[in-house]
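Worksheet: one structure, shown below.
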Amino acid sequence: FGPPTRVRPATSAETTEKAKSIDFITAGIPVGEVEEWAREAQVEANVNHIIFRITGPGPNDPPSAQADVIRRSIGEDISGLIVVPAEGPEVGKALAEAQAKGIEVVLIGQAVAAPEGAKPFPVVDFAPLEPSAARIVSTVIADLKAAGRSAEGPVLILSEQQGDRTSKKRLEAMKAAVTAAGFTRIVELTLNSTAPVEAKKQLLDAVNALPDLAMILTLDAETLRLAGQIRQITNRKPDYFIGGYIDFAVTRTPGTFTLISCYAQGRYTQLANLAVKAILSRFKGDPEPMRLTLEPLFHREDPVDPLVAGTRPKTPIPASPLPASETPPPNKTEPPAAAPKP
């Protein structure tokens, strides 16, 4: 990324005098995802008359270079930092230096250990994935039973070759949910969506090799879309059912889904929106949650009739089963951590 970009001043002389400023510091994730996050944060900052800019180390810089960028922002009288943290102890030290100078800090995506004597750094991230994985699996099982099939047979879990920073967590949550539901045969398959012809053939071969296949579970939009296409190509024979995740990172092959049971939508771009709101709360001296989590939205689809795809209601995934009449709040916070003793 290099030098700061997209500086947006406040909208009038009066607001400029009172304006706060935020640096969004990038590192360690794909450029496309950073751009989406930054765009979302930019909108929220503009609405609140915040001077906002995007900066970060260059593409060939080592992870430790992010600490230098943070220290540069400290020297420029910035009010707040939103940081997608890189690896390395120097990053935590630089963030602690920012806090010591009264600069508000919010991290996106992962925690960073604070040096001894420093306050913990607040984090905005996805909510735990276990509840959404369990709901996906239970919904697919319900469709299996409604079709007169027993909830047995192998389960095929698809992942995208390129993956993203939470792919492994989604895989672990999905496997745990499948095992908890009583399935004993789990087959994992990795596909390259950038080679669609090869990926389609690879998945079709896998389906044909599993005549008693019960369900396909996917970790991303690309594989979810492909699974629905294969189910349509094979005319639902075998009549397995499909569920999965989407929108936990940039979707490389946009499009619609067909003949699937359900999916959980991560809404990853809203992490940046939440980070700006968290910093604004700190500017105002409001209570300071140390962790703000984003719940996925659950989409119930029709696995039989593709014409009704996308017409079912979308609801946040509750942490525990709730009656259909209850709607949990979209985001959850954890109470502030106690400050370290001097």
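Quick caveat: nothing in here was measured; it's all calculated off a predicted structure.
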Margin query: Taking the six-membered ring of Y263 as reference, does the cationic atom of R300 (NZ for Lys, CZ for Arg) lie under 6.0 Å from its centre and within 45° of its axis?
Written below: no
Notebook entry, point to check: If you draw the axis of the six-membered ring of F298, does the NZ or CZ of R135 fall within 45° of it and under 6.0 Å from the ring centre?
Noted result: yes
Heavy atoms, side chains only, cut-off 4.5 Å: are [X] and [Y] in contact?
| X | Y | value |
| --- | --- | --- |
| P57 | V69 | yes |
| L144 | E152 | no |
| F183 | M215 | yes |
| L217 | I136 | yes |
| K20 | I51 | no |
| P154 | D212 | yes |
| Q99 | F121 | yes |
| I103 | L81 | yes |

Note to self: Testing Q42, H49, E44 one by one against N46 for a side-chain hydrogen bond (donor to acceptor under 3.5 Å, both in side chains), which residue passes?
What the structure shows: Q42
Margin query: Going by side-chain hydrogen bond (donor to acceptor under 3.5 Å, both in side chains), R170 matches just one of D164, D220, T218. Which one?
Written below: D164
Note to self: I242 vs L224, test: side-chain contact (heavy atoms from CB on, under 4.5 Å). Steps then yes/no.
What the structure shows: CA-CA 8 Å; I242 304 167; L224 182 65; 3.6 Å; yes
Item checked: CD/Q110: more than 12 non-hydrogen atoms of other groups inside 6.0 Å -> yes
Notebook entry, point to check: Can you tell me if CG on D77 sees more than 12 non-hydrogen neighbours from other groups inside 6.0 Å?
Noted result: no
To the closest 0.5 Å, what do you measure between [atom1] ([X]) and [atom2] ([Y])?
| X | Y | atom1 | atom2 | result |
| --- | --- | --- | --- | --- |
| T258 | Q229 | OG1 | CD | 8.5 Å |
| S138 | D143 | OG | CG | 10.0 Å |
| R225 | I246 | CZ | CD1 | 8.0 Å |

Does [X] share a hydrophobic cluster with [Y], counting links as ILVMFWY side-chain heavy atoms below 4.5 Å and allowing steps through other members?
| X | Y | result |
| --- | --- | --- |
| F283 | V276 | yes |
| V123 | L129 | no |
| I74 | F24 | no |
| V137 | L171 | yes |
| I279 | V43 | no |

Next item on the list: Take R282 and D286, measure what salt bridge (Lys or Arg N to Asp or Glu O under 4.0 Å) needs, and give me the verdict at the end.
Entry: CA-CA 6 Å; R282 292 174 134 66; D286 291 343; over 6 Å; no
Note to self: Please determine whether salt bridge (Lys or Arg N to Asp or Glu O under 4.0 Å) holds for the pair R39 and E36, giving the CA-CA distance in whole Å, both sets of side-chain angles, and the decisive distance to 0.1 Å.
What the structure shows: CA-CA 5 Å; R39 187 178 299 114; E36 293 288 342; 3.2 Å; yes
[X] side chain to [Y] main-chain N or O, any donor-acceptor pair under 3.5 Å?
| X | Y | value |
| --- | --- | --- |
| W37 | Y268 | yes |
| D61 | G58 | yes |
| N48 | I50 | no |
| E160 | S193 | yes |
| S21 | S79 | yes |
| R231 | F241 | no |
| D247 | R267 | yes |
| E104 | I82 | no |

So that I can tick it off, tell me whether [Y] and [X] are bridged by a salt bridge, with the cut-off set at under 4.0 angstrom between side-chain N and carboxylate O.
| X | Y | value |
| --- | --- | --- |
| R71 | E90 | yes |
| R72 | D68 | no |
| E172 | K175 | no |
| R149 | D239 | no |

Margin query: Is it the case that the side chains of S132 and Y245 hold a donor-acceptor pair, with the cut-off being a distance below 3.5 Å and no angle test?
Written below: yes
Notebook entry, point to check: Without hydrogens or angle criteria, can the side chains of S159 and T190 be said to hold a donor-acceptor pair below 3.5 Å?
Noted result: yes
Notebook entry, point to check: When you look at Q161 and L191, which way does the side-chain contact (heavy atoms from CB on, under 4.5 Å) test go after all the steps?
Noted result: CA-CA 5 Å; Q161 186 174 22; L191 301 173; over 6 Å; no
Margin query: Name the residue from I78, T26, D23 that meets the side-chain contact (heavy atoms from CB on, under 4.5 Å) definition with T55.
Written below: D23
Next item on the list: Apply the side-chain contact (heavy atoms from CB on, under 4.5 Å) test between L203 and each candidate in L158, T223, I233, N208; give the one that qualifies.
Entry: L158
Item checked: Residue pair I108, D125: steps toward the side-chain contact (heavy atoms from CB on, under 4.5 Å) verdict -> CA-CA 6 Å; I108 291 183; D125 201 1; over 6 Å; no
Margin query: Set out, in order, the CA-CA distance, both residues' side-chain angles and the distance that settles side-chain contact (heavy atoms from CB on, under 4.5 Å) for L107 and V124, then state yes or no.
Written below: CA-CA 6 Å; L107 308 181; V124 172; over 6 Å; no
